[in-house]
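Just follow the structure's listing: the first ligand is 1, and inside any ligand the first atom is 1.
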Amino acid sequence: MSKWVRAHTNIALIKYWGKENEALIIPKNNSLSLTLDAFYTDTKVTFDPSLKKDELILDGEKQASGVLNKVVTVLDLIREKAGITDRAHVESINYVPTAAGLASSASGLAALAGAANEAASLNLSPKDLSRLARRGSGSASRSVFGGFVEWEKGTTDEDSFASPVDDANWDIGMLFIIVKQAQKDVSSRDGMRRTVETSPFYDGWLATLDQDLSDMKEAIEEQDIEKVGAIAERNALKMHATTLGANPPFTYWTADSMVAMDAVRTLRKQGFTAYFTMDAGPNVKVICRQSQMAEIKLKLAEYFDEEQIISAKPGPAIHLLEN
Ligand code: ADP
Ligand code: DP6
């Protein structure tokens, strides 16, 4: 039955950057993220025999076919499983800027997988939902779960999926510094492909990931936010270093991103717990204690407008909405 499903975005603390298998979206490395409450997507899928093509209405606007590729991939998999031939009407609302490095693809494709599962009455397990969301967008595999989540890279379609690591029910949060809401020039998909294919730094990135991941899991178990933040920050910097080595080279950083990163370093010198991470876009996310968030927000307001700074706490797993 057609129902609204909500999935929250997640931000990786150990980044997914590069695919072993492009078609199946099997990554080169495990990744680990925190699901967040502040940003999410609501989606409803309706299979409709009168439609000739799948259609996506995103934030009230009918989307061009280019935006639909990832959506059709997920819908086709659902149709195949459920023996459905009808095309689908997909309605979706992003409570997150689209394609600005704020992980709209993660919440968007996870919500789609959940809503398509409802519409086809397939009753997929969370694990299978994660596998399905992964086929739409890799990071979406992690948005099926709340709190800290690890995506085990696996080697096949069957064993590449995410699972929960810790409910993050402790003093940790994230501040988003929105330096730019515009859509980015290089999508994460194209950016990671170019890096894998051409960057001499890519192997260096891969070489230290197992250590970063095991250190991160230890830090989470100890609820040691200083350690979580330090590992996440250096992991993100390594990922972004690979893009500078690509051919042609590129970066997601802007001058404002540098201002934000510097501000975080200054906060640290002032005794705050604050570390940054960045994704495939110019916005900067600050890992901090929930208990210090209000004070840090005030400090950041010395550099940015208050509307540019959004607080987020750990968020829940994918779920159905009542209406
Ligand atoms: P982001 O940093 O926002 O994740 P990406 O370039 O990785 O940016 O992904 C953006 C793409 O994800 C969009 O162009 C669209 O194809 C897809 N997407 C985003 N939101 C949704 C949604 N609610 N439903 C379906 N697809 C979505
Ligand atoms: C930098 O999941 O958007 O945010 O699998 O090609 O759709 P595709 O890529 P996507 O990449 C996310 C990259 C990242 C790091 C991360 O979220 O782990």
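When each atom of ligand 1 is checked for a heavy atom of T41 under 4.0 Å away, the hits are 23 (N). Residue contact check: K70 has heavy atoms under 4.0 Å from atoms 9 (O), 11 (C), 12 (O) of ligand 1.
For Y202 and E197, the side-chain atoms include no donor-acceptor pair closer than 3.5 Å. Remark: the T273 side chain and the R289 side chain contain an N/O donor-acceptor pair separated by less than 3.5 Å. A donor atom on one side chain and an acceptor atom on the other are found under 3.5 Å apart for R142 and S31.
At least one N or O atom of S92 sits closer than 3.5 Å to an N or O atom of ligand 1. Checking only distances, S105 does come within under 3.5 Å of ligand 1, N or O to N or O.
A continuous path of ILVMFWY side-chain contacts below 4.5 Å connects I231 to M174, so both sit in one hydrophobic cluster.
Ring geometry, W253 versus H240: the interplanar angle falls from 30° to 60°, so the pair is classed tilted.
With rounding to the nearest 0.5 Å, the separation of CD in E118 from CD1 in I78 is 10.0 Å. To the nearest 0.5 Å, the span separating CE on M293 from CG on D171 amounts to 9.0 Å.
At a heavy-atom cutoff of 4.0 Å, ligand 1 is contacted by the side chain of V71 but not by its backbone. Under 4.0 Å from ligand 1, not a single heavy atom of T43 appears. Contact annotation: for S104 versus ligand 1, heavy atoms closer than 4.0 Å belong to both the backbone and the side chain. If you look at R189 next to ligand 1, there are no close heavy atoms at all, none under 4.0 Å. Under 4.0 Å from ligand 1, the heavy atoms of L109 that appear belong solely to its side chain.
The list of ring-ring contact (aromatic ring centres under 6.0 Å, His included) pairs with a residue in residues 115-170, not counting sequence neighbours, reads Y16-W151, F148-W170.
Listed by chain and residue number, the protein contacts of ligand 2 are A12, K15, Y16, W17, K19, I25, S105, S137, G138, S139, R142, S188, R189, M192, M239, D279, A280 (heavy atom within 4.0 angstrom).
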> Between L213 and L32, is a side chain to side chain contact (heavy atoms under 4.5 Å, CB included) present by the stated rule, with each step listed?
Replying inline: CA-CA 8 Å; L213 184 72; L32 192 150; 4.0 Å; yes
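The closest heavy-atom contact to atom 15 (C) of ligand 1, among the options V67, V74, L68, D190, comes from V67.
G281 does not count as a contact of ligand 1, since none of its heavy atoms falls under 4.0 Å from the ligand.
Within 6.0 Å of CG on D190 lie more than 12 heavy atoms contributed by other residues, nucleotides or ligands. Residue Q223 places its CD atom among more than 12 non-hydrogen atoms of other residues, nucleotides or ligands, all under 6.0 Å distant.
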